[in-house]
Colleague: 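If you scroll down you'll find the structure; I have some questions about it.
Just so it is clear, the model here is predicted, and its values are computed rather than measured.
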Amino acid sequence: MPDDCPQVPLPLSTTVIDDGLSIVAAGFPGLGTKASWQMTQGIISNASMRHEDLGNQTLIQHTAPIDPGSSGGPLLVKENGKYHIAGINTWKAVGRENVGIAIPVTDVATFLYELDTPDQTDQQVLAQLENRTAEEWARMYAHLPDSTREQLREQEWSLPMDIVFSADREQERLDSQKAARKSHSNKKGTTKNSSTKNSGRKQATTVRVDTDLNNPNAAGIYYDYLSATTHEVAAFYEHQWWGVLVTDIHIGSLIAEANVAGYNFWDPTPQWKTIGGVVFGGTLGAQLPITIDRFLLCPRVTQSFTGGPMIGADHVKIAFLLDTRAGLDFRIPVGNVELVVGAHYTFNYSFCDLPFRETAYKTPTIGSMNHYLHHGFGVKLAVGF
């Protein structure tokens with residue numbers, strides 16, 4: 001370029017590079033023996049390509065025509081009406097039409113940073129990523145080599161690790177998709193339009209036990225319908241240790257029918273009244289997290305210990321409750337959190353001076369304390385974070 005020509009660099013793209021994204025390849029592939037400027041249009045045909053002959057690194061495959069001489073030219077996307085660099089065109093598949101291969105912009109950004117700071121350690125190079133947005137993380141992390149991903153997990157500074165692990169799952173989905181495409185393209189006569197024909201094919205489902213949860217915390221409510229006459233609603237905060245051990249604290253209300261006049265079971269004229277109480281307690285339990293593609297199923301068994309005052313028309317008694325719950329939680333990713341929907345069956349063993357409605361089975365009295373067994377279905381709704 002002439003010395004007086006302004007050289008304004010194009011910005012690096014922050015757009016999520018995904019299949020089907022419209023792109024433009026720019027460069028000087030030449031016409032005969034003379035370099036010739038050209039811009040060609042296409043789409044991303046494989047946003048996470050890997051090939052052993054190219055070092056097994058993550059690359060971008062696209063359909064914009066390129067030729068020898070295009071190498072080093074930018075792969076461009078439009079953001080707010082202006083072109084940004086999404087990658088650097090480097091290879092072309094010989095013998096196939098419109099199969100260009102580019103180095104992703106994440107590798108470009110890392111290279112430029114290392115070029116400017118040659119004395120930086122790997123930790124310092126990775127530290128530049130700390131202030132990236134969650135959207136940038138999702139895109140950049142999916143293109144990092146495995147060794148760099150491991151280093152990121154070992155960082156002590158705060159990272160959007162939910163994005164990191166979500167990207168892991170997304171990468172597994174893409175790998176599964178690529179395997180299906182490869183199998184399809186290897187069949188005779190299907191190479192040319194393999195990506196189009198494969199778009200409607202059912203992809204393989206990934207199922208695995210995964211104790212490294214994206215969102216180990218959850219907050220929400222649950223409702224238990226016990227023995228027709230007893231209801232319990234509680235708000236809870238839960239933490240999952242190592243993805244398997246479950247602990248929570250909760251506060252709730254218990255509504256039941258009992259005889260507040262001190263009725264005994266031989267009295268022919270019981271006076272049943274609705275009473276209410278506030279209970280406090282905690283839970284300990286275990287679960288088995290099963291990942292199915294992007295979703296998470298958690299069969300679980302928990303034991304809660306709660307207690308609090310039961311208040312009637314003319315009585316205030318203390319009740320103690322042991323709640324055993326067996327059920328299934330279904331966790332659905334919604335942005336950076338998860339929607340948690342659960343169902344369970346509850347066995348509630350209660351201790352109280354007040355005689356509950358006889359629909360609850362009365363066990364033998366120990367001292368002055370009556371023991372009752374309630375049971376029934378329950379549901380849960382929460383947000384995982």
Side-chain angles (χ1 to χ4, degrees), residues 12-13 15-27 29 40-77 85-112 114 138-152 164 167-206 293:
L12 301 184
S13 172
T15 297
V16 176
I17 306 301
D18 206 353
D19 294 354
L21 180 69
S22 296
I23 49 86
V24 170
T40 55
Q41 294 183 328
I43 63 169
I44 301 296
S45 53
N46 189 344
S48 301
M49 172 194 173
R50 289 176 185 260
H51 196 286
E52 58 184 9
D53 292 341
L54 303 178
N56 206 33
Q57 59 181 318
T58 301
L59 301 166
I60 299 173
Q61 178 180 318
H62 62 83
T63 64
I66 60 173
D67 291 293
S70 296
S71 297
L75 186 69
L76 303 168
V77 297
I85 296 174
I88 301 297
N89 290 309
T90 309
W91 294 281
K92 173 185 177 180
V94 178
R96 292 184 61 186
E97 295 181 2
N98 300 341
V99 179
I101 301 171
I103 295 172
V105 67
T106 48
D107 290 353
V108 177
T110 301
F111 170 77
L112 292 176
E114 292 176 341
R139 175 175 56 82
M140 297 176 70
Y141 186 82
H143 293 281
L144 293 175
D146 293 340
S147 59
T148 306
R149 294 189 189 192
E150 291 300 323
Q151 292 183 57
L152 287 177
V164 170
D168 266 344
R169 292 177 180 173
E170 179 65 11
Q171 187 62 47
E172 288 186 4
R173 184 189 69 80
L174 293 173
D175 289 344
S176 175
Q177 188 178 51
K178 285 187 292 183
R181 284 178 176 171
K182 183 177 180 180
S183 174
H184 185 57
S185 64
N186 285 337
K187 296 180 180 178
K188 186 175 181 180
T190 63
T191 301
K192 185 174 181 180
N193 295 315
S194 61
S195 61
T196 302
K197 292 182 179 180
N198 189 59
S199 61
R201 293 167 63 91
K202 185 176 180 181
Q203 303 299 334
T205 299
T206 301
D293 287 341

Colleague: For the residue pair Leu76 and Ile23, establish whether any side-chain heavy-atom pair is separated by less than 4.5 Å.
Modeller: no
Colleague: Tell me, which pairs form a salt bridge (charged side-chain N to carboxylate O under 4.0 Å, His left out) where one or both residues lie in residues 60-69, sequence neighbours left out?
Modeller: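 Found Asp67-Lys92.
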Colleague: Tell me the closest heavy-atom pair linking Ala47 and Ile17, and the distance in Å.
Modeller: CB-O, 3.5 Å
Colleague: Apply side chain to side chain donor-acceptor pair (under 3.5 Å) to residues His62 and Asn89 and explain how you reach the verdict.
Modeller: CA-CA 10 Å; His62 62 83; Asn89 290 309; 2.8 Å; yes
Colleague: Determine whether a donor-acceptor pair (N or O, by modelled atom type, separation under 3.5 Å) exists between the side chain of Thr90 and the backbone of Ile88.
Modeller: yes
Colleague: Please name the pair of heavy atoms, one in Leu12 and one in Ala109, separated by the smallest distance, quoted to 0.1 Å.
Modeller: CD1-CB, 3.8 Å
Colleague: Do Ile85 and Leu75 have side chains that get closer than 4.5 Å, going by heavy atoms?
Modeller: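 With C-beta onward as the side chain, the pair stays apart.
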Colleague: Using the rule side-chain contact (heavy atoms from CB on, under 4.5 Å), only one of Ile101, Ile44, Thr58, Val99 pairs with Met49; which is it?
Modeller: Ile101
Colleague: Once side-chain contact (heavy atoms from CB on, under 4.5 Å) is applied, do any residues pair with Thr40, and if so which ones, sequence neighbours excluded?
Modeller: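 Once residues adjacent in sequence are excluded, the partners of Thr40 under the side-chain contact (heavy atoms from CB on, under 4.5 Å) criterion are Ala25, Gln38, Ala64, Pro65.
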Colleague: Sequence neighbours excluded, which residues qualify as side-chain contact (heavy atoms from CB on, under 4.5 Å) partners of Gln57?
Modeller: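 Residues passing side-chain contact (heavy atoms from CB on, under 4.5 Å) with Gln57: Leu59, Trp91, Asp107.
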Colleague: How many angstroms lie between atom OG of Ser71 and atom CD1 of Ile103, to the nearest 0.5 angstrom?
Modeller: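 Separation between the atoms: 9.5 Å.
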Colleague: Working to the nearest 0.5 Å, report the span between CG of Asp19 and CG of Asn46.
Modeller: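 One gets 5.5 Å once the value is rounded to the nearest 0.5 Å.
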Colleague: Which atoms form the tightest heavy-atom contact between Ser45 and Thr63, and what is the distance?
Modeller: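 Nearest heavy atoms, Ser45 then Thr63: CB-CG2, 4.0 Å.
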